[in-house]
Amino acid sequence: MEYIVENNNILVNDYIDFDIEHILECGQCFRFYKQSDKDYLLIAYDKILRVTQGDNKIIFHNTNTNDFDTIWTNYFDLGRDYGNIKKVLSNIDEHLHKAVSEKGGIRILQQDTWETLISFIISQNKNITHIKILIEELSKKYGTYIGEEDNVKYYSFPTIEQLSAASEQDLRDLKVGFRAPYIVDACRKVINKEVDLVSLASMEIEEAKNELMKIKGVGPKVADCVLLFGAKRYEVFPTDVWVKRIMEHYYFNKDTKIKAIHEFAVEHYGTLAGFAQQFLFYYARDFKIGKK
DNA sequence: ATCCAGGTGTCCT
DNA sequence: AGGACACATGGA
């Protein structure tokens, strides 16, 4: 990505396949705060970044070339040609064509594996608003203070060591509910190396999924989310209630088992299944496709 | 008020 | 193997 440095900002002109609203609001991440239209504050990798986007310009505020080249280029997956991905997906069928054309600014963020793991354990049986609140509380209580913007203090997501200090009761006090023992189990197994998060990127996909599912509270859906959003495994297809509804609406026209939908999607979308899932998920959620 | 939320573990048959 | 049901909490 070509950019210009101006004061403490990085400016990008005429960039396509990038819409900060699509990227952050599509459901893949939780630590962002909308300031105004196409103007967001986000927390990732112990940094606070403000991104504003106009018609032909993206501004990454208060950053520098070093952070941009070493953190944000990877985080926003800027090395990948989303134009080509969208072209291939659009040619698969009309439904994907529609989703891709409506939500064409999505990019799959390269998030931290550990943060993704805990975030998606928390996500089960909760709506996105509440997931964001819980992750915020967890960061406030166990993370590290990283700075202040407009009189609001921000905290990094807790490290494995930091979160390991929390007991099940501590976590229940933070209102994570029945997920408390799951978080404790994740801390224990990751810190003991019973579960190896680093090798998820290179394992056979089924093996990687099983590795994550050693953790209590991690089933096929959470594992797929961690692999897609936190381990660059784009061949997975996280299948939740939303994806189930839209897939039934488009491809089955009747009540269908999640397992059958998942198998169909992995086969149908192949190595781009993860991208397909995210376009479909965001599109379906935004337009309430298949919602009763 | 009842139901549901980016599911999963456990207990049944 | 596959189907109910419980699980915490908050918002519609």
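Scope of the values below: all heavy atoms of this structure, side chains included, with no hydrogens, waters or symmetry mates. In the text below, chain A, chain B and the rest are named by the order of the sequence lines, each starting its count at 1.
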What is the distance, to the nearest angstrom, from the [atom1] atom on [X] to the [atom2] atom on [N]?
| X | N | atom1 | atom2 | result |
| --- | --- | --- | --- | --- |
| Lys132(A) | dG6(B) | NZ | C1' | 14 Å |
| Ile133(A) | dA5(B) | CD1 | C1' | 13 Å |
| Tyr182(A) | dG7(B) | OH | C1' | 8 Å |
| Leu109(A) | dG6(B) | CG | P | 19 Å |
| Phe279(A) | dG6(B) | CZ | C1' | 18 Å |
| Arg179(A) | dA5(B) | CZ | P | 13 Å |
| Ile258(A) | dG7(B) | CD1 | C1' | 8 Å |
| Asp185(A) | dT8(B) | CG | P | 14 Å |

For the side chain of Lys216(A), starting at C-beta, report the closest nucleotide among dT10(B), dG7(B), dG6(B). dT10(B)
Taking Asp77(A) first and then Lys232(A), would you say they form a salt bridge - that is, a charged N and a carboxylate O separated by under 4.0 Å? no
So if I take residues 123-130 of chain A and measure heavy-atom distances to DNA chain B, which residues fall below 4.0 Å? Ser123(A), Gln124(A), Asn125(A), Lys126(A), Asn127(A), Ile128(A)
With a 4.0 Å cut-off on heavy atoms, is [X] in touch with a base, just the backbone sugar-phosphate, or nothing at all?
| X | value |
| --- | --- |
| Pro220(A) | sugar-phosphate |
| Gly27(A) | base |
| Cys26(A) | base |

With the stacking rule set at 5.5 Å and 30°, tell me whether Phe281(A) counts as stacking on dG6(B). yes
Determine the Euclidean distance between corresponding P atoms of dT10(B) and dA8(C); express it in Å to zero decimal places. 13 Å
Determine the interatomic distance between P on dC5(C) and the same-named atom on dG6(B); round to the nearest Å. 23 Å
Can you find a pair of side-chain heavy atoms, one from Ser119(A) and one from Ile122(A), that are under 4.5 Å apart? no
What I'd like to find out is whether the side chain of Cys187(A) reaches to under 4.5 Å of the side chain of Trp114(A), using heavy atoms alone. yes
dist Asp224(A):CG -> Met213(A):CE (nearest 0.5 Å) comes out at 9.0 Å
Do [X] and [Y] get their side chains close enough for a donor-acceptor pair, meaning under 3.5 Å?
| X | Y | answer |
| --- | --- | --- |
| Tyr234(A) | Arg80(A) | yes |
| Tyr33(A) | Glu136(A) | yes |
| Glu25(A) | Tyr40(A) | yes |

Contact boundaries on DNA chain C for chain A, cut-off under 4.0 Å to non-hydrogen atoms: dG3(C) to dG10(C)
Please state whether the phosphate of dA5(B), meaning OP1 or OP2, lies under 4.0 angstrom from any side-chain nitrogen or oxygen of Arg285(A). no
For dG7(B) and Lys259(A) - does any side-chain N or O of the residue sit under 4.0 Å from the phosphate oxygens OP1/OP2? no
If you count every heavy atom of other residues, nucleotides or ligands that lies below 6.0 Å from His268(A) atom NE2, does the total exceed 12? yes
With sequence neighbours left out, which residue pairs that include part of residues 162-192 of chain A fulfil the ring pair (Phe, Tyr, Trp, His ring centres under 6.0 Å) condition? none
Reading DNA chain B from 5' onward, which residue's closest nucleotide shows up sooner: Gln278(A) or Val218(A)? Gln278(A)
Applying the ring pair (Phe, Tyr, Trp, His ring centres under 6.0 Å) criterion to Phe60(A), which one of Tyr75(A), Phe68(A), Trp72(A) satisfies it? Phe68(A)
